Amino acid sequence: MWSRVELKEDSKTLLRLNYWPFVLVAFIHMAVSGGGVLRETFNFTQDDYDFYDIEEYLDHIGAFGHRLFHSWGPFAFRLLSTMMAAMLCIAFVFLILNIFVFHPLEVGCKRYMVMAREVKPQFGEMVFAFSSRCYLNIVKTTFLMGLFTYLWSLLFVIPGIVKAYEYRMIPYLLAEYPDMAPSEAFRISKEMMMGNKWEAFVLDISFIGWNLLTVITVGITGIFYAWPYQMLTDAALYLTLKKTNPAFGYEKPDINFYL
């Protein structure tokens with residue numbers, strides 16, 4: 001059984017040895033993973049926009065109110081429609097960026113943190129996915145990961161949280177083995193996290209103090225310490241589970257991983 005104390009102490013030591021590169025990588029990771037997908041839900045009902053009620057109200061404020069409403073009502077409706085269309089377009093753009101840019105960048109940042117356990121990687125490792133022949137495989141797998149997590153979250157949230165922990169190792173697997181098929185990534189992540197989801201949850205909770213301090217300091221603590229510290233710890237968890245879990249079972253490594 002792995003120890004979160006040992007993982008965190010080891011990560012703090014590594015952070016001190018190569019501080020600024022880890023800060024930069026963690027900042028980029030948080031920037032792209034925090035962007036997410038812009039989602040807005042528009043619920044317009046008759047009760048919310050009942051023009052009969054508006055007309056009744058306007059009866060009380062006189063003819064001027066009627067003229068004002070009928071003059072500006074169509075304009076307001078067109079303005080609202082334009083704003084809705086613009087927001088939907090923005091949401092669509094964010095969705096495309098999330099799938100084709102942000103997710104591969106997240107995998108690249110995790111690749112950097114994993115490689116840093118063995119060698120001193122180049123910053124170019126963060127964008128390795130875009131020059132890799134496995135780019136579309138990474139896009140497909142991370143898209144399915146997000147989609148399945150979202151669908152499970154519709155079942156009263158808790159199943160979504162459980163599945164998020166079950167899929168936790170998928171980006172790390174893609175970082176090390178970018179040619180891994182989606183089915184294999186899901187299978188191996190599930191097996192690696194079997195019996196470890198609760199411990200991983202406790203590990204996340206152990207950073208709550210740093211997260212609160214990040215909020216209080218408007219992100220400054222996160223940028224300069226908490227985010228790289230947590231990312232290094234997560235990478236250490238992946239490598240520990242990979243070594244100790246006999247169910248890993250994937251024998252085809254990326255031969256260019258340490259090049």
Side-chain angles (χ1 to χ4, degrees), residues 29-49 80-81 83-110 129 135-175 177-178 180-208 211-212 214-215 222 227 230-231 233-235 237-238 241 245 247:
H29 179 269
M30 290 303 297
V32 298
S33 64
V37 181
L38 183 62
R39 292 189 296 267
E40 294 289 341
T41 302
F42 300 99
N43 296 311
F44 295 99
T45 64
Q46 181 67 25
D47 291 335
D48 295 329
Y49 298 95
L80 182 61
S81 300
M83 291 175 61
M84 289 174 56
M87 293 183 71
L88 289 174
C89 288
I90 293 173
F92 179 74
V93 170
F94 268 88
L95 176 63
I96 297 301
L97 288 174
N98 206 47
I99 295 172
F100 293 101
V101 179
F102 296 162
H103 284 170
L105 269 176
E106 287 183 54
V107 172
C109 291
K110 287 178 169 60
Y135 169 72
L136 291 180
N137 182 64
I138 293 173
V139 167
K140 177 182 178 181
T141 306
T142 52
F143 170 75
L144 291 174
M145 173 186 167
L147 176 63
F148 292 160
T149 303
Y150 171 73
L151 292 177
W152 279 103
S153 297
L154 297 178
L155 302 177
F156 304 104
V157 179
I158 299 300
I161 296 176
V162 173
K163 287 297 178 180
Y165 277 92
E166 188 173 288
Y167 303 155
R168 185 184 183 114
M169 295 301 150
I170 291 177
Y172 291 99
L173 291 168
L174 293 174
Y177 310 106
M180 181 178 287
S183 58
E184 283 290 279
F186 278 89
R187 177 184 68 81
I188 295 172
S189 179
K190 179 179 180 180
E191 292 173 351
M192 291 176 72
M193 292 303 295
M194 189 175 298
N196 290 295
K197 287 189 282 291
W198 175 253
E199 287 78 9
F201 174 75
V202 174
L203 176 64
D204 291 340
I205 292 297
S206 70
F207 286 98
I208 192 169
N211 294 333
L212 290 174
T214 297
V215 173
W227 296 344
Q230 189 163 0
M231 281 195 70
T233 304
D234 287 343
L237 174 61
Y238 162 73
L241 294 181
N245 194 324

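As the structure is a computational prediction, the values presented were derived from the model and not from experiment.
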### Query
Side chains of L173 and Y238: does their closest heavy-atom pair fall under 4.5 Å?
yes
### Message
Looking at Y135 and F100, would you say the former's side chain and the latter's main chain have a donor-acceptor pair under 3.5 Å?
### Response
yes
### Query
Do you know the tightest heavy-atom contact between P104 and V139?
CG-CG2, 4.0 Å
#### Entry: T149 side chain to G160 backbone, donor-acceptor under 3.5 Å
no
### Query
To the nearest 0.5 Å, how far apart are CG in L241 and CE in M169?
5.0 Å
### Query
When you measure from the side chain of T141 to the backbone N and O of I138, does any donor-acceptor pair fall under 3.5 Å?
no
### Message
Rounded at 0.5 Å granularity, tell me how far OG in S189 sits from CD in E166.
### Response
7.0 Å
### Query
Which heavy atom in A175 sits nearest to a heavy atom in K110, and how many Å separate them?
CB-C, 4.3 Å
### Interatomic distance, Q230 atom CD to D204 atom CG [nearest 0.5 angstrom]
6.0 Å
### Considering all heavy atoms, the nearest M180-E184 contact
CG-CB, 3.7 Å
### Query
Is any side-chain N of the basic residue among R168 and D234 closer than 4.0 Å to the acidic one's carboxylate O?
yes
#### Entry: Heavy-atom closest contact (Y167 atom, M145 atom, distance)
O-CE, 3.7 Å
### Query
What pair of heavy atoms forms the shortest contact from I99 to H103, and how long is it?
O-CB, 4.0 Å
### Query
Side chains of E106 and P171: does their closest heavy-atom pair fall under 4.5 Å?
no
### Query
What is the distance from atom CG of L151 to atom CG of L144, rounded to the nearest 0.5 Å?
10.5 Å
### Query
How long is the span from the CH2 atom in W227 to the CE atom in M30, to the nearest 0.5 Å?
5.0 Å
### Query
Hey, is NZ on K197 packed in by over 12 heavy atoms from elsewhere, all under 6.0 Å?
yes
### Task
Rounded to the nearest 0.5 Å, what's the gap from CZ on F148 to CZ on F143? Could you check?
9.0 Å
### Task
Please examine the side chains of N137 and L174, heavy atoms only from C-beta on, and report whether any two atoms are closer than 4.5 Å.
yes
### Query
For F94, which of N98, I90, I96 qualifies under side-chain contact (heavy atoms from CB on, under 4.5 Å)?
I90
